[in-house]
Colleague: 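I have a structure I would like to understand better, so I am pasting it below and will then ask my questions one at a time.
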Amino acid sequence: MQRWLMKTEPGTFSIDDLRTRKTEPWDGVRNYQARNFIRAMRRGDAVLIYHSACPAPGVAGIAKVASAPKPDPTQFDPKNHHYDSTSKREDPRWTLVDVQFVRKLKRVVPLDEIKALTGLGDFALTRRGNRLSVLPVTDKQWNAILALE
DNA sequence: GCCAACGTTGGC
DNA sequence: GCCAACGTTGGC
């Protein structure tokens, strides 16, 4: 089983929204590196849900991958904000997985506390200037973050 | 709202 | 292939 972190803006879609929805197609990812991580996902992989672009950025909950990777339908919808007119149905460019709520953390583990952790190796979340919205997490990183909740 | 970082686009 | 311009992300 692999581990991942996926960002969301809580003003748009929060961990509480995921709890209500139970399972949500994680659409709208339009970055090739993030897409390639999504394509590497398998059903049952573990996911940290991260709140970004908000007053208290940090890890808010746990989810799991609930489907195989599949084409993101919003790329073909001209009315959708994430519409991609250059993506072809016979060769879809953008991919999503369904994400299923598991639980909220006891508190949102703040980004600055995660940044203060040491000895966790390379971590895309805390790399300077990082903007990746989907990124891999090692067992050690996962456990260190959950130890802070 | 500001701004640093970074990806993408397009002219050449 | 270079690189300036532009758009987006995301912390602060």
Side-chain angles (χ1 to χ4, degrees), chain A residues 2-21 23-41 45-65 69-138 140-149:
Chain A
Q2 308 168 97
R3 302 184 190 276
W4 309 94
L5 180 146
M6 300 175 92
K7 295 181 184 174
T8 183
E9 299 187 14
T12 303
F13 190 84
S14 70
I15 188 69
D16 287 321
D17 294 321
L18 183 61
R19 181 172 56 179
T20 302
R21 302 267 303 167
T23 300
E24 183 74 3
W26 210 262
D27 59 25
V29 173
R30 295 292 182 271
N31 169 283
Y32 286 105
Q33 207 179 344
R35 181 205 68 181
N36 292 341
F37 287 135
I38 289 174
R39 288 184 175 180
M41 289 180 177
D45 283 358
V47 179
L48 293 174
I49 300 296
Y50 177 87
H51 282 174
S52 67
C54 60
V59 175
I62 297 175
K64 64 182 178 183
V65 175
K70 54 192 175 183
D72 178 345
T74 65
Q75 70 196 297
F76 302 120
D77 177 3
K79 295 190 189 67
N80 191 283
H81 182 248
H82 298 290
Y83 177 58
D84 182 350
S85 63
T86 65
S87 181
K88 301 188 180 73
R89 282 188 182 274
E90 63 273 20
D91 183 23
R93 174 171 302 156
W94 304 112
T95 306
L96 62 71
V97 290
D98 292 339
V99 172
Q100 183 180 349
F101 178 81
V102 173
R103 70 175 178 90
K104 289 178 71 169
L105 300 196
K106 298 185 194 83
R107 63 171 186 134
V108 176
V109 173
L111 178 60
D112 56 0
E113 292 185 29
I114 296 169
K115 281 180 174 171
L117 294 169
T118 56
L120 295 183
D122 187 42
F123 194 10
L125 181 67
T126 53
R127 253 184 245 149
R128 199 170 63 105
N130 169 65
R131 293 160 47 195
L132 255 190
S133 61
V134 178
L135 52 101
V137 176
T138 66
K140 192 186 266 189
Q141 291 159 357
W142 177 283
N143 292 331
I145 290 168
L146 291 195
L148 293 173
E149 74 168 313

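Per chain, numbering begins at 1; letters A, B, ... match sequence-line order. Only heavy atoms go into these numbers, but all of them, side chains included; no hydrogens, no water, no symmetry mates.
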Colleague: At a heavy-atom distance below 4.0 Å, which nucleotide of DNA chain C is the first touched by chain A, and which is the last?
Modeller: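 Contact span on the strand: C:dG7 to C:dC12.
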Colleague: Just grab all the ring pair (Phe, Tyr, Trp, His ring centres under 6.0 Å) pairs involving residues 109-130 of chain A, residues at least two apart or on different chains.
Modeller: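 Applying ring pair (Phe, Tyr, Trp, His ring centres under 6.0 Å) to every pair that reaches into residues 109-130 of chain A, excluding sequence neighbours, yields nothing.
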Colleague: Name every donor-acceptor pair, under 3.5 Å, that has one atom in a side chain of residues 107-117 of chain A and the other anywhere in the protein, sequence neighbours excluded.
Modeller:
unit_1	atom_1	unit_2	atom_2	d
A:R107	NE	A:L148	O	3.1
A:R107	NH1	A:E113	OE2	3.1
A:R107	NH2	A:E113	OE1	2.6
A:R107	NH2	A:E113	OE2	3.4
A:R107	NH2	A:L148	O	2.8

Colleague: Do the charged groups of A:R30 and A:D84 touch, with an N to O distance under 4.0 Å?
Modeller: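 No, this pair does not count.
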Colleague: Any side-chain heavy atom of A:I62 sitting closer than 4.5 Å to one from A:L146?
Modeller: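 Yes, at least one pair of side-chain atoms sits under 4.5 Å.
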Colleague: What pairs with A:D122 under salt bridge (Lys or Arg N to Asp or Glu O under 4.0 Å), at least two apart in sequence or on another chain?
Modeller: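 Partners of A:D122 under the salt bridge (Lys or Arg N to Asp or Glu O under 4.0 Å) test: A:R127.
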Colleague: So if I take residues 110-133 of chain A and measure heavy-atom distances to DNA chain C, which residues fall below 4.0 Å?
Modeller: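 Contacting residues: A:L111, A:K115, A:N130, A:R131, A:L132.
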Colleague: With sequence neighbours left out, which residue pairs that include part of residues 84-119 of chain A fulfil the ring pair (Phe, Tyr, Trp, His ring centres under 6.0 Å) condition?
Modeller: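 Listed once each, the pairs are A:Y32-A:W94.
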Colleague: How are the rings of A:W4 and A:F37 set relative to one another: parallel (under 30°), tilted (30 to 60°) or perpendicular (over 60°)?
Modeller: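 Aromatic pair A:W4/A:F37 classed tilted.
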